[in-house]
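Quick caveat, the model's predicted, so the values are computed rather than measured. Residue numbering restarts at 1 for every chain, and letters A, B, ... go by the order of the sequence lines.
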Amino acid sequence: MTAPCIAMVDCNNFYVSCERVFNPALEGRPVVVLSNNDGCVIARSNEAKALGIGMGEPAFRRAAFFKTHGVRVFSSNYALYGDMSARVQRVLEQFSPEMENYSIDESFLVLRHADTRELLCLARKIRATVGQWTGIPVCVGLARTKTLAKVANRLAKKHTQSGIRLLDDSRDIRHELARLDLEDVWGIGGRNARKLRALGLHTALDLTRQPRDWVRRTLTVRGLHTMLELRGIPAIDMEENPPDAKSLTCSRSFGTRITKQAHLEEALCAYVQRAGEKLRQRGLEAGAVQVFLATNRHMHDPQYANSGCLPLSTPTDFTPDIQEAALRILRSIFRSGYKYQKVGVLLLDLVRPGQRQLTFQDMDDTEETAHRRQLMHAMDDVNQRFGRNTLRFAGSGLGPKPWHMRREALSQRFTTSWAELPVVR
DNA sequence: TCTGGGGTCCTAGGACCC
DNA sequence: TCTGGGGTCCTAGGACCC
């Protein structure tokens, strides 16, 4: 391969693999991991896939099936998966200085090796090292563009023993694209696949044969980039240093349906607290707050959903100010008489403090500002050392919390339990 | 009687990803 | 009883300005 090669490294059934690392008895058995609230299936072992369990299936509908087939079921444990993800990424870093951590379980690496044999050798080494150092099995797809590397990775998973697939020869590429459904192409979702089918296109190869203008008009500029990449022309850049996020969300579905405004307010306060922690962790301030609430659209009950937004007078990372704004929005959109399923907060117009214009307030209340910063810092510190919500705002309620989500089958926090952390810094 | 047109900014909605 | 959560980008269309 003459041009630089892109490797797509994808962890196999990642959440299931994380559970297995710390519970080897799960090896060879059907295992699933459920979404927040134990709602639906978001990860399946190969054995679970073989039983016909689909991605996104509601767990309650499969409960009996899980029991009769001995499927081991886990609530999602993001503290564990996030930590394992970081370990995998640290291993991958050693193989290329040019790397994009695309998602919790996928990374793109640029490999500048001219020789095909060298590339395959390196891919084998990546796979073996990640497996040995973290216990997580991965597959590697190799190609000239990110989109083709995703295709190669898919082939590595489905059709190889080695877990490695190089997709470089043009006849080979054509052959594989002719067998690839449009909705299985990275960047083409269900909606656009249906649209293209109605226009007579069915496979990835069909798409590569359309004129650029037509693709641009039909699928917007992003679809055009996808099509060019399928042709082997790089059009989607590596994002090695992702820019600061522009928004940040915290929302949950409730364990039971909620009708009381007071309970919604408690839940919202808790979510804002969490959002504030994320905000400070990233060193950002929010310029505006949005709140939304919704009933359960799967039920036949009366439906209501609404949202509202408020700008903050000056960008801030001070949780109480954000909570105040959020509660004002909630009170303006709340309607009684509905069974609510969900409430959430979005922090918008995020900025780095150093990069925004100073206001008169900034010059004015420096002492006050310092106190507020110290307060948030102290809370974050305690909660980091002793566990989330060790210190929390009274607004999130002192009594029982009917809005809490269900997590009935949670594994232990094997890697991040606070008891393992040093108490003194 | 006859009342422009082009540029910019913002937002909502829709699509995608894992 | 029970159907996730957290992001990004693009476009069309309206508001506004000169």
Could you tell me whether [X] contacts a base, only the sugar-phosphate backbone, or nothing, with contacts defined as non-hydrogen atoms closer than 4.0 Å?
X         : value
Arg216(A) : sugar-phosphate
Val41(A)  : nothing
Leu219(A) : nothing
Lys339(A) : nothing
Leu34(A)  : nothing
Gly190(A) : sugar-phosphate
Asn192(A) : sugar-phosphate
Tyr102(A) : sugar-phosphate
Thr256(A) : nothing
Arg61(A)  : base

- For dG13(B), the Watson-Crick or wobble partner whose two distances fall under 3.5 Å: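 Partner of dG13(B): dC10(C).
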- Message: Between dC16(C) and dG4(B), how many Å separate the two C1' atoms, rounded to a whole number?
- Response: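 Nearest-Å result for dC16(C) against dG4(B) at atom C1': 15 Å.
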- Measure from the ring center of Tyr15(A) to the ring center of Phe74(A) and say whether it is less than 6.0 Å.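 No; Phe74(A) has its ring centre 6.0 Å or more from that of Tyr15(A).
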- Task: Give the first and the last nucleotide of DNA chain B, reading 5' to 3', that has any atom under 4.0 Å from a heavy atom of chain A.
- Result: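 From 5' to 3', the first and last contacting nucleotides are dA15(B) to dC18(B).
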- Task: Using atom types as modelled and distance alone, determine if a side-chain donor or acceptor of Arg20(A) lies under 3.5 Å from a backbone N or O of Gly135(A).
- Result: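 Flag not set: sc Arg20(A) to bb Gly135(A) has no pair under 3.5 Å.
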- Query: Distance-only, no hydrogens or angles: does the Glu229(A) side chain make a donor-acceptor pair with backbone N or O of Ala235(A) under 3.5 Å?
  - Reply: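 At least one qualifying donor-acceptor pair exists.
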- Message: Between Gln281(A) and Glu277(A), is there a side-chain donor-acceptor contact under 3.5 Å, judged purely by atom types and distance?
- Response: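 Their side chains do not contain a donor-acceptor pair, so the 3.5 Å distance test is not met.
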- Message: My understanding is that only residues two or more places apart in sequence, or in another chain, count here; which of them pass side chain to side chain contact (heavy atoms under 4.5 Å, CB included) with Arg216(A)?
- Response: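 Side chain to side chain contact (heavy atoms under 4.5 Å, CB included) list for Arg216(A), sorted by chain: Val221(A), Leu224(A).
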- Mark yes or no: Arg62(A) above the aromatic ring of Phe65(A), with NZ or CZ under 6.0 Å from the six-membered ring centre and no more than 45 degrees from the axis.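 Yes, a cation-pi geometry holds between Arg62(A) and Phe65(A).
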